[in-house]
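Reminder, nothing fancy here: chain letters follow the sequence lines and each chain counts from 1. Just the heavy atoms: all of them, side chains too, but no hydrogens, waters or symmetry mates, feed the values below.
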Amino acid sequence: MDINVRKRSQIQVIQLRGPLRLGLAVDELRQTLEDLTAGGDTRIVLNLAEVPMVDSSGIGLIVRYLASTKQRGGSVKLLQPSKFAIQTLRLVGVLNLFEIFDQEDVAVDSFV
Amino acid sequence: MDINVRKRSQIQVIQLRGPLRLGLAVDELRQTLEDLTAGGDTRIVLNLAEVPMVDSSGIGLIVRYLASTKQRGGSVKLLQPSKFAIQTLRLVGVLNLFEIFDQEDVAVDSFV
Amino acid sequence: MNDQRTGRDVDVLELLDLRIPAESAGVAEAADKVTETLTRLSVPEEKRLVIGLAVQEALANAVVHGCGNDPSKEVRCQVKTNPIGLVLIIVTDPGPGFTSELLPDPSQQESLQMDHGRGVYLIRQLMDEVQFVNGGNEIRMWKY
Amino acid sequence: MNDQRTGRDVDVLELLDLRIPAESAGVAEAADKVTETLTRLSVPEEKRLVIGLAVQEALANAVVHGCGNDPSKEVRCQVKTNPIGLVLIIVTDPGPGFTSELLPDPSQQESLQMDHGRGVYLIRQLMDEVQFVNGGNEIRMWKY
Ligand SMILES: Nc1ncnc2c1ncn2[C@@H]1O[C@H](COP(=O)(O)OP(=O)(O)O)[C@@H](O)[C@H]1O
Ligand SMILES: Nc1ncnc2c1ncn2[C@@H]1O[C@H](COP(=O)(O)OP(=O)(O)O)[C@@H](O)[C@H]1O
């Protein structure tokens, strides 16, 4: 999994490339989220444009950090999830927990 | 958890300080082991002298990397585990899977 | 392949019979192989994605719960099809199995924020028919 | 405290009654608090270590399996003792529970390399008496 992190006006934008699933991909994203939140960053945009699929361990991870960032006044917002990723989130009932955006600017600005 | 990694004649010596248990400690050690093995290092000495306790998730992690390093010709060997750590490993039946050492030199040399 | 739903016996084509070591890298690789095979057979993308994710989940459970991530253990993944395009996936592990009927429903309001427990539920949502056999260490799942 | 083993009713001292958010940091903190409390009561080191690890395992299960690591959920940890030094720990979670009798034995040769599944077994080895009540979402464990 390719993970790229940029900070834009106090918001961390994480760009992923590749399937988000059990193993290295989920482990690396967990570590990234752990590092960011440990450093006090709780406002996160997750760019899923190049993520063809998210499995249940990926969903569990995102949902977990959604909960913990929200408790600290932040959130995890999703940018451009694929049709199949949206379908998957809907099938397990968590789609409505997330704010979803088409444009990075709008996602970033939504935090202010 | 304090984690310190040194390389001694092709052997990675990982020194831990603090309880090895669910959460940050296990996550950080997992990441360290993942990074080392991904880089091709499969001969590992784990210094447990300053680890007062190891819980079942810590045991699971060590056992997992014992198995995967062994498959690649390496091993995870334990250095100076406390009496209680030894007792815990024995209670769950995995003590005999490990080579255990009192001296770092001897542990490192045992790989050749 | 005896299609339990319709009761017909149908001609079977064995597409894949993989044995993978019980580790997450093997899961991803095998799931990708299944998807590639379906691509070669011109299975439409949406159906491919759905089956690929179900295979990923079933293999992940077999590796994690069935084998405890012990790479010296092996998980088997069979893919079969028939002339009318039905796909049957069988994933088998050497573990203790489990009682799938006892699993809590992860889509309940109070479970929505849990970080696990969605795999079996997701498989049931994705596939058209799902059976656990041999006490739970073998899953058979059909996509029509 | 009704000591189920000896059938006596004994005087109870409530030492701790903690409620922690369901996340691993809370588990470590609470387990440390239990150990510190036992230290203040001059419980010998070995007994302290044993109880501390059992508490760590029970809380970890409550947080991970009982709450799915959802920090908006809460786990309760009670520590009681009596004049003769018996220690009773009660850990309660809001989850679905489980059937502890159905767990595979992690000390079997073929399970030794699994990366999980040792928590409940370890608790049973460490403590003198262990009961699961309310369908498994409450564990009561005694150290004499
Ligand atoms: N192949 C299997 N062998 C043993 N137990 C399994 C297997 N598959 C699933 N389970 C059990 O069912 C539970 C739910 O599985 P699942 O819905 O995939 O969620 P998760 O794997 O995230 O816990 C698991 O926690 C495990 O106890
Ligand atoms: N408080 C709990 N609530 C629900 N299920 C539990 C609880 N504690 C344990 N379990 C179940 O028992 C299984 C074995 O637990 P354990 O022996 O601690 O190993 P591990 O937690 O590593 O899987 C867990 O995988 C889970 O399915």
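- For chain C, the nearby part of V54(A) is the backbone; its heavy atoms alone come within less than 4.5 Å.
- Both the backbone and the side chain of A28(C) come within less than 4.5 Å of a heavy atom in chain A.
- S107(C) places no side-chain N or O within donor-acceptor distance of the main-chain N or O of V92(A), the cut-off being under 3.5 Å.
- A side-chain contact (heavy atoms from CB on, under 4.5 Å) with T32(A) holds for exactly one of I44(A), L16(A), I14(A), N4(A); it is I14(A).
- Taking the side chain as every heavy atom from C-beta outward, Q15(A) and E50(A) approach each other to under 4.5 Å.
- Most heavy-atom pairs under 4.5 Å with chain C: of the set K83(A), Q87(A), R64(A), this distinction falls to R64(A).
- Using a 4.5 Å cut-off between heavy atoms, Q113(C) touches chain A through backbone and side chain atoms alike.
- Rounded to the nearest 0.5 Å, atoms CG (L29(A)) and CZ (R21(A)) are 14.5 Å apart.
- In this structure, N61(C) contributes its side chain and V64(C) its backbone to no donor-acceptor pair below 3.5 Å.
- For L97(A), the part sitting under 4.5 Å from any heavy atom of chain C is the side chain, from C-beta outward, and nothing else.
- Between chain A and the residues V63(C), L126(C), L59(C), D32(C), the largest count of heavy-atom pairs under 4.5 Å involves D32(C).
- No hydrogens or angles considered: nothing links the side chains of T37(A) and R72(A) as a donor-acceptor pair under 3.5 Å.
- For E46(C), the part sitting under 4.5 Å from any heavy atom of chain A is the side chain, from C-beta outward, and nothing else.
- The residue among Q109(C), Q56(C), M114(C) with the most heavy atom pairs within less than 4.5 Å of chain A is Q56(C).
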